[in-house]
Protein chains: 2
Amino acid sequence: MPTIARELADLAALIADPGRALILSRLMDGRAQTAGELALVAGVTPQTASWHLGRLVQHALLKVERRGPRRLYRLATPLVAQVLEGMMTVAVTGPQATRPPARIDAAMRQARTCYDHLAGELGVALADALREREYLVLDQEVGGLTEAGTAFLGSFGIDLRPSSRHRRVLCRPCLDWSERRPHLAGRAGAALAELAFQRDWIRRRPQGRSVEITDTGLDAFRSLFGVRI
Amino acid sequence: MPTIARELADLAALIADPGRALILSRLMDGRAQTAGELALVAGVTPQTASWHLGRLVQHALLKVERRGPRRLYRLATPLVAQVLEGMMTVAVTGPQATRPPARIDAAMRQARTCYDHLAGELGVALADALREREYLVLDQEVGGLTEAGTAFLGSFGIDLRPSSRHRRVLCRPCLDWSERRPHLAGRAGAALAELAFQRDWIRRRPQGRSVEITDTGLDAFRSLFGVRI
DNA sequence: TGAACATTTCGATCCTGATCGAAACGTTGC
DNA sequence: GCAACGTTTCGATCAGGATCGAAATGTTCA
């Protein structure tokens, strides 16, 4: 009989290869990439990357769709992203003494997407600012928008009124591995990130999932949200 | 510069060994075990287990305390347990077609502890029953007790009134890897599990973290909570 | 101090899995 | 149908880590 520990080990082995970890980390913004691009990300030849991608698809961490002669790979489910994010948190909160987290991925630490919402200093600062104005209640395990918060986000055209159409949770904390504090996830977090992209407050960097804060973005975050960055 | 992907891969490699996965899975009930016992669990010699345990402590997944000539190992933090539980969920929700989850760890699936609360069929059935009576609101991402629920648990001597002394969240969903639905975690879940042990509704099995439901327990869960198992 | 016991360290061996070159496959566009 | 391109399959090689025997360490108790 297969044991859960065995399943755990198999899954971990899948993530344990540096190339595959790079691929997974790259795909954690939820978008799709071609096999060739992912080979570059992983720093291996296309045939090696193909082997890795095959294993990741076989174990249902990734799903693949054919787009002409190319194949596009993306994370299979949001749950995968959530668990990987959790693993990253454990990875960097671990041996603090030996590995100063400050030296890890400077661009990623400043601002990045975490599947569909914002993370890093920016993500945590936004959550803090919303909390300070009492628009949001958020700790490490649960979160919720206040009525004032719903109205505030509504003023940006974000409709977060309770609805039976949406099965997805409005507001969820997501422990940030770089800041070690929760940022805003769930429908509210996703909508906020979408707004920021639409208004050009942030831009995706060409590679990786870190984002760049534009000058107008810095203004907006400070003046509209009261963010201190 | 170390990248987060590299940290992720290193952590995964740590969990990827079958012996270490068995050790971690065993320790997921939050209690401590000696090196010798863990060697038996992992199915390796004491010197091999010692090597594994050393690595797990070095990377801060475990912490160790000396008790006389023995050394007791336990999970370093609740976060570690939470992330491992998440990984298990991904591991079994993955290739559903190839690996029928029904065949995995029968005893564990029925009832087990998940760090400090109850999981498996029992854990999910308890959460369902509490939800049915409108004592509890719980979905995959957030949860909360109703006033009636707080009073109900209070009738068993469980004091869950909001208090500034307790930093820990009252009520949190924890996705159950075997049932694929949330069970009750947080302070409420821990208190409920403690109650069940104290009243001899459940007993820990000698090895592993699965628990046995006693006859009185079955009665109690059915008559007092309305659980259908 | 010495014996008993649990655990760790050292050293040598073995095996799984990552890698890439070469070649085959499949899709698109002419 | 053929050429071009992205991707995968096959095969051989190589390395890192898991394993255990032997011996050392450390702790308790008499």
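In what follows, chains carry the letters A, B, and so on, assigned in the order in which the sequence lines appear, proteins first and then strands, with residues in each chain numbered from 1.
Relative to the axis of its first five pairs, the axis of the last five pairs of the helix from C/dT1-D/dA30 to C/dC30-D/dG1 sits at 40°, rounded to 10 degrees.
As rounded to whole Å, 15 Å separates atom P of C/dA6 from atom CG of B/L38. Between A/L14 atom CG and C/dT16 atom P the separation is 18 Å, expressed in whole Å. A/E65 places its CD atom 13 Å from the P atom of D/dT7, with the value rounded to the nearest Å. If you measure from atom CD of A/Q33 to atom C1' of D/dG6, you get 15 Å, rounded to the nearest angstrom. The distance between atom CG of A/L72 and atom C1' of D/dT7, rounded to the nearest whole Å, is 12 Å. In this structure, A/R67 places its CZ atom 12 Å from P of C/dT28, rounding to the nearest Å.
For A/R66, the listed nucleotide lying nearest its side chain is C/dT27; candidates were C/dA18, C/dT27, D/dA18. Listed nucleotides: C/dG26, D/dT19, D/dG26. Nearest to the side chain of B/D17: D/dT19. Distance from the side chain of A/P69 is smallest for C/dG26 among the nucleotides C/dG26, C/dT8, D/dT28. Comparing atom distances between the A/R20 side chain and each of C/dA18, C/dT8, D/dT7 picks out C/dA18 as nearest.
Taking only side-chain nitrogens and oxygens, B/Y73 never comes nearer than 4.0 Å to OP1 or OP2 of C/dT7. Within the structure, every side-chain polar atom (N or O) of A/R70 is placed at least 4.0 Å from both OP1 and OP2 of D/dC5.
Between A/D176 and A/R180, none of the side-chain N atoms (NZ, or NE/NH1/NH2) sits under 4.0 Å from a carboxylate O, so this pair counts as no salt bridge. Using a 4.0 Å cut-off between charged side-chain N and carboxylate O, B/R109 and B/E179 make no salt bridge. Salt bridge A/R74/A/E65: present, at least one basic N to carboxylate O contact under 4.0 Å. Classification of A/R181 and A/D128 as a salt-bridged pair holds, one side-chain N sitting under 4.0 Å from a carboxylate O.
Near DNA chain C, meaning a heavy atom under 4.0 Å away, the residues from residues 39-56 of chain B are B/P46, B/Q47, B/S50.
Of the listed residues (B/V44, B/L62, B/L27, B/L56), just one forms a side-chain contact (heavy atoms from CB on, under 4.5 Å) with B/L38, and that residue is B/L27. Among B/D219, B/D215, B/L195, the one residue that satisfies the side-chain contact (heavy atoms from CB on, under 4.5 Å) test with B/W201 is B/L195.
Mapped onto DNA chain C by nearest heavy atom, B/V64 and A/G19 fall at different nucleotides, with B/V64 at the one closer to the 5' end.
Cation-pi geometry between B/R203 and B/F197 is not satisfied (NZ or CZ under 6.0 Å from the ring centre, within 45° of the ring normal).
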Practice problem: Any chance you could lay out the side chain to side chain contact (heavy atoms under 4.5 Å, CB included) test for B/C174 and B/L184, step after step, and finish with the verdict? | Solution: CA-CA 6 Å; B/C174 177; B/L184 181 59; over 6 Å; no
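Put simply, the side chain of B/R112 never gets that close to the backbone of B/R209: no donor and acceptor are under 3.5 Å apart.
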